[in-house]
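Values in this document were obtained by computation on a predicted structure and should not be read as measured data. Naming convention: chains lettered A, B, ... in sequence-line order (proteins, then strands); numbering from 1 in each chain.
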Amino acid sequence: MANSDAQNFLTLSEFLLGLPLPGVSSLDPDLAQCYLALINSQQPAPPMAELLSTWAPIQAAGPTVAAVNQQIFGQVDLSTLAQQIILLWYDAVWFPTPSQPYTNAAPVPASEYDKALVWTLAQAHPAAVPLSFGYWQYAPQSGSTQKGGQS
Amino acid sequence: VNGQNSYDVVIVGAGVAGAILAWKLGSLGCKVAVLEAGPADGGLAQRQQYVASFKETGLSYPFNPPALKPNPNNLDNYYVEQPTARPSQGPVAPDDPSDPFDAYNIIAPSLLQGDWFQTDYERQAGGTTWHWLGTSLRFLPNDFQLKTVYNPQVAGLSAQDWPFQYAQIEPWYGLAEKTIGVSGPSTGEDYLGITRSTPYPIPEIPQSYLDQQIVSAVQGQSFLDLGTKTSFPLTVSPTPQGRNSVQYGGRPQCQGSSSCIPICPIQAKYDATQHVQMAIATNNVTFLNQTVATQVQVDTTNPANPVSGIQYITWTDQNGVVTRQNGTVTGKIYVLAAHAVENAKLLLNSPWGTTTVANSSDQVGRNLADHPVSLVYAQVDKPVYGYRGPLSTSGIESLRDGQFRNYRGAFRMELGNDGWEWPIGDPTITPANLLTRGFQSAQALISAGQTPLWGADLASQAGNYLTRQMRIGCLAEQLPDPNSRVQLSSQRDVLGIPQPQMTYRIDEYGKRSLSASVAACLQVFQRLISNPVIQYNYYDSNGVLQIDTKRSAPGTPNLFVREGWAGAGHIMGTHRMGNDPKSFVVDGQQRSHDHSNLFLLGSGSWPSYTTANPTLTIAAIALWTAATINKQLKS
C-alpha cells in the first residue's frame with residue numbers, strides 16, 4: 001500500500017470528522033493504516049482508490065465543505081464509503097450499509113475498540129476498560145476525557 | 001465416581017446456588033460432588049476472552065457458549081420457543097377499560113395468548129452470574145404473603161404465599177450479603193417495611209451523576225395509583241450491589257468499567273466462580289465439569305421413594321467432534337441447582353412410576369415467570385453523562401408495594417447509567433442515525449438534495465445526544481400461571497437430551513403492572529424534559545424497530561416508550577414451594593414433597609415473583625438449605 005494512500009486516507013478522515021474536535025486534535029496514523037487495510041479487504045471492494053483520487057485534488061486545493069459535498073457526498077458510491085469511514089472512526093465498527101446499522105455490522109479487532117471516537121464524544125470511556133473508583137458520581141471534567149483515536 | 005456411593009451430597013449445577021451450597025457444605029466437612037454441564041471455571045483467561053468477545057461483538061453473551069448446543073452460533077437455543085415465530089410487539093392500543101392505566105398499555109392482545117420467552121442463561125461453572133448486573137435487593141415483607149395481604153384474583157389467576165415470612169429469611173439475607181459482598185448504605189433501606197439485623201458488609205457504591213439529576217427532579221413528587229387513588233412517594237434509593245466499593249472477598253474495588261453486563265473485566269462484581277474456587281479449596285468438593293445430568297433415578301423398592309442416583313453424560317468437543325461417556329453418581333442427598341429451566345427439564349426427563357420425578361403435584365415446569373421489563377427512554381434537557389460507571393446504581397423502590405397489588409402487579413424502577421445501550425444498542429447507533437439523517441441511504445439523500453451530516457456538526461450533535469440519553473427499565477410483577485411452562489421438546493440437543501420447550505405469555509396482572517410502570521416513567525421523565533414529545537415504538541415480527549404512528553405525537557420525539565416487553569434474565573417458578581404436596585413441588589426447606597433426599601434450589605422454587613432481582617434471595621435460600629442439609633445428614 002502506497003504511503004501516499006495512507007497519508008491521503010488520514011487527511012481525508014480528519015476532514016470528514018471535522019478535526020480538531022474537543023478532546024480529539026488528530027488521528028492516529030497507525031490506526032489509519034489499520035482502517036485503510038480493513039476497508040481494502042472488504043468484499044465487494046469499496047471504491048477506495050476512486051475516493052482517494054477524488055480527495056487528492058480537493059486536498060491540494062485547500063479542502064472545502066462545498067467541494068466534499070459536491071464531489072464525494074454527491075456520488076452514491078463515494079458518499080456511502082465516506083459515511084462508512086466516518087462510522088469506522090466513530091465506532092470501530094464496519095457498517096456494510098450505514099443507513100442500516102443493525103445489518104451485518106462488523107466490529108474491528110478488540111485491540112482497536114478502545115480508540116473509537118464515540119467514547120470521547122459521549123464524554124465517557126470505552127466500556128470494559130477499568131478506569132477508577134467513584135468517578136461516575138461527578139460530571140466529566142472538560143478536557144479530562146479519553147483521547148479517542150489517539151494511541 | 002461411577003456407581004460408588006461416595007458422596008454425602010450430589011449437586012447439579014455450579015451457578016450461584018450450587019457453588020455457594022457446595023462451598024458451605026464442603027467447609028462443614030461434607031463430601032460433595034457437583035455436576036456442571038459446561039466447562040470448569042476458566043479464571044482470568046476466560047474473563048479476558050469474554051472481554052475480547054464483548055469488544056468484538058457487543059453481545060451480552062459470547063458467540064460460542066461453552067455448553068453444547070444444537071447450533072453453537074445461535075445464542076437462544078438452549079431452549080425451543082413456543083410459538084415458533086415471535087409475534088410482533090406492536091402496534092398497541094388501549095384495550096382494557098378495567099385497567100385504570102390502560103392509556104399506557106404496551107402489551108398487544110396477542111401477547112396475552114403467547115410470546116417468546118426473552119431470557120437467556122449460561123451453562124458453565126459460575127452460571128449466569130458471569131453476566132448479571134449485581135443488583136442485590138431484599139424482598140419486601142409483603143412479598144412473602146401476597147395472597148394473605150392482597151389476595152389478587154385477576155383473569156383467572158391468583159397469588160400464593162411463601163411457606164415462610166420475611167422474619168425467618170432475614171438472618172439468611174444478612175449472611176448472603178456477607179457471602180456475596182454486598183455494598184449498601186450504612187443506614188440500610190428506608191422503605192416498605194424492610195428491617196435488618198446486620199449492616200451491609202461494605203459501604204455503598206456512590207450514586208451516579210445521572211442518579212443525582214433524577215433525585216433532584218423527583219424531589220417531593222408522588223405517583224398516584226389510579227386504581228386505589230393512593231399516592232406513593234417517588235423516592236430514589238441507592239441500590240445494594242454485589243460489587244466491591246472496597247476490596248472484599250479477595251476481589252478488587254470496582255473501577256467503573258461500565259460493562260457489568262456482559263462482563264466485569266476485573267471481577268469487582270461478584271460472580272459464583274468465587275465460590276467454585278472456595279469450594280475446591282475445602283478439598284471436600286469434586287467438580288465434574290462438562291457433565292450433563294440426564295436423569296434422576298428413584299429407588300421404587302423403598303416406600304419413601306428416595307433418589308438413588310443421577311445419570312449423566314460427560315462430553316468433550318474437539319473441533320466439532322463430540323465424544324461422550326455415560327455414568328451415574330450417587331450420594332445420600334441430591335440437590336438440583338441448575339436453575340428454573342434446566343431443573344424442570346431434568347425432572348421432566350426422569351420417569352417415576354406414572355409421572356416424573358418430584359412431580360406428583362403436576363407442577364414441575366409450570367408457573368414459569370420472568371420480570372417483564374418496560375423500557376422508557378429519553379433525551380433529557382441537560383447532560384446526564386451515561387456510559388459511565390456501574391450500569392445501575394439507583395432505583396425507585398417506593399412503588400414495590402401497596403394495596404394496588406390486589407388488582408395489578410407492583411414494579412421497581414431501575415435507573416440505567418448505560419445510556420441507550422439497552423433500548424437501541426448505543427452508543428454506536430445514534431451517530432449512524434445522525435449521519436444518515438434518519439437512516440436514509442446515500443441515494444435517498446442525493447435524490448432529496450441533501451448531504452449526510454458530517455464533520456464537526458456531526459460530532460457536536462452526537463455529543464449533544466449521547467450525553468443526554470437516559471433510560472428506565474421497570475421490572476413488573478406477574479402472577480403464577482400454570483400454562484406458562486417448561487416442557488420437553490421433541491427436538492434434542494447434541495447429546496441426545498430433549499431440549500426444554502418454553503410456553504410463555506404476559507398475564508393481565510403483569511400487563512397492568514407494565515401499564516402503570518410506563519405512567520410512572522413518563523412522570524419522571526417529564527420532570528427532566530421541558531417539552532416532551534412522546535414516540536411509541538416496537539419490534540415487529542422480523543425484529544425491526546417500527547414507530548407506532550397512531551400513538552406517537554407529531555414533532556421530533558425526545559421521549560420514547562417501547563411497546564412490548566424485554567426479558568430481565570430472571571427465570572422463576574417451575575418447581576414452586578409450598579406446604580401442600582398436592583399443589584407444590586418442594587416444601588419451605590426446598591425439599592421435594594415426593595423424595596425426602598431431594599432438594600431443588602434456585603428461583604424455580606418461588607411461588608410468587610415480587611419485583612426484586614433474584615440473586616440475593618437465591619443465595620440466601622442456598623445458605624439456609626446448606627444448614628438444613630447438614631442437619632439432615634447428621635440425623
Under 3.5 Å donor-acceptor, A:Tyr102 side chain and B:Ile424 backbone: yes
Let me know if A:Tyr90 has heavy atoms under 4.5 Å from chain B in its side chain, its backbone, both or neither. side chain
What closest approach, in Å, do B:Ala442 and A:Thr80 show between heavy atoms, and which atom pair accounts for it? CB-OG1, 3.4 Å
Under 4.5 Å, counting heavy-atom pairs only, tell me which of A:Asn69, A:Val118, A:Ile86, A:Ile72 racks up the most with chain B. A:Asn69
Return the option, out of B:Asn464, B:Val544, B:Ile266, B:Ile429, with the maximum number of heavy-atom pairs under 4.5 Å with chain A. B:Ile429
Minimal heavy-atom distance between A:Leu121 and B:Ala462, with the atoms involved, is CD1-CB, 4.5 Å
Top contributor to chain A interface from B:Gln440, B:Gln253, B:Gln207 [non-hydrogen pairs under 4.5 Å]: B:Gln253
Let me see the working for A:Tyr113 and B:Val51 under side-chain contact (heavy atoms from CB on, under 4.5 Å), right down to the final yes or no. CA-CA 11 Å; A:Tyr113 163 93; B:Val51 171; over 6 Å; no
Working to the nearest 0.5 Å, report the span between OH of A:Tyr138 and OG of B:Ser208. 12.5 Å
Where is the tightest heavy-atom contact between B:Pro431 and A:Asp91, given as atom of each residue plus distance? CG-OD1, 4.2 Å
Chain A contact via B:Ser245 - side chain, backbone, both or neither, heavy atoms under 4.5 Å: both
Between A:Leu21 and chain B, which part of the residue has a heavy atom less than 4.5 Å away: side chain, backbone, both or neither? side chain
Show the atom names and distances, to 0.1 Å, of all donor-acceptor pairs under 3.5 Å that link a side chain in residues 41-49 of chain A to residues at least two apart or in another chain.
unit_1, atom_1, unit_2, atom_2, d
A:Ser41, OG, A:Leu38, O, 2.7
A:Gln42, OE1, A:Trp94, NE1, 3.0
A:Gln42, NE2, A:Leu38, O, 3.1

With side chains defined as the heavy atoms from C-beta onward, is the minimum distance between A:Leu131 and B:Gln255 less than 4.5 Å? no
Highest number of heavy-atom pairs under 4.5 Å with chain A among B:Pro265, B:Gly463, B:Cys260, B:Pro452 belongs to B:Pro452
Heavy-atom pair count under 4.5 Å with chain B, highest-scoring of A:Gly18, A:Pro98, A:Ala139: A:Ala139
Please round to the nearest 0.5 Å and tell me the distance separating atom NE2 of A:His125 and atom OG of B:Ser259. 8.0 Å
Most heavy-atom pairs under 4.5 angstrom with chain A, which of B:Thr451, B:Asp211, B:Leu445, B:Leu210? B:Thr451
Would A:Phe133 and B:Asn244 count as a side-chain contact (heavy atoms from CB on, under 4.5 Å) if you check the C-alpha gap in whole Å, the side-chain angles of each, and the deciding distance to 0.1 Å? CA-CA 10 Å; A:Phe133 180 76; B:Asn244 278 354; over 6 Å; no
Let me see the working for B:Lys55 and A:Val129 under side-chain contact (heavy atoms from CB on, under 4.5 Å), right down to the final yes or no. CA-CA 10 Å; B:Lys55 290 180 175 180; A:Val129 176; 3.9 Å; yes
Using a heavy-atom distance cut-off of less than 4.5 Å, which residues of residues 379-390 of chain B contact chain A? B:Tyr385, B:Gly386, B:Tyr387, B:Arg388, B:Gly389, B:Pro390
Taking the six-membered ring for Trp, is the centroid-to-centroid distance between A:Trp136 and B:Tyr209 below 6.0 Å? no
As an exercise: rank A:Glu14, A:Gln100, A:Gln137 by heavy-atom pairs under 4.5 Å with chain B and give me the winner. A:Gln137
Most contact-rich option vs chain A, by heavy-atom pairs under 4.5 angstrom, among B:Thr467, B:Leu466, B:Leu435, B:Leu545, is B:Leu435
Return yes when atom OH of B:Tyr248 has more than 12 non-hydrogen atoms of other residues, nucleotides or ligands closer than 6.0 Å, and no otherwise. yes
Can you check side-chain contact (heavy atoms from CB on, under 4.5 Å) on B:Trp454 and A:Val65, steps first, answer last? CA-CA 10 Å; B:Trp454 61 281; A:Val65 170; 3.8 Å; yes
Of all of B:Ala268, B:Gly419, B:Cys254, which one pairs up most often with chain A through heavy atoms under 4.5 Å apart? B:Cys254
Indicate the atoms forming the closest heavy-atom contact of A:Ala127 with B:Ser258, along with that distance. CB-O, 3.6 Å
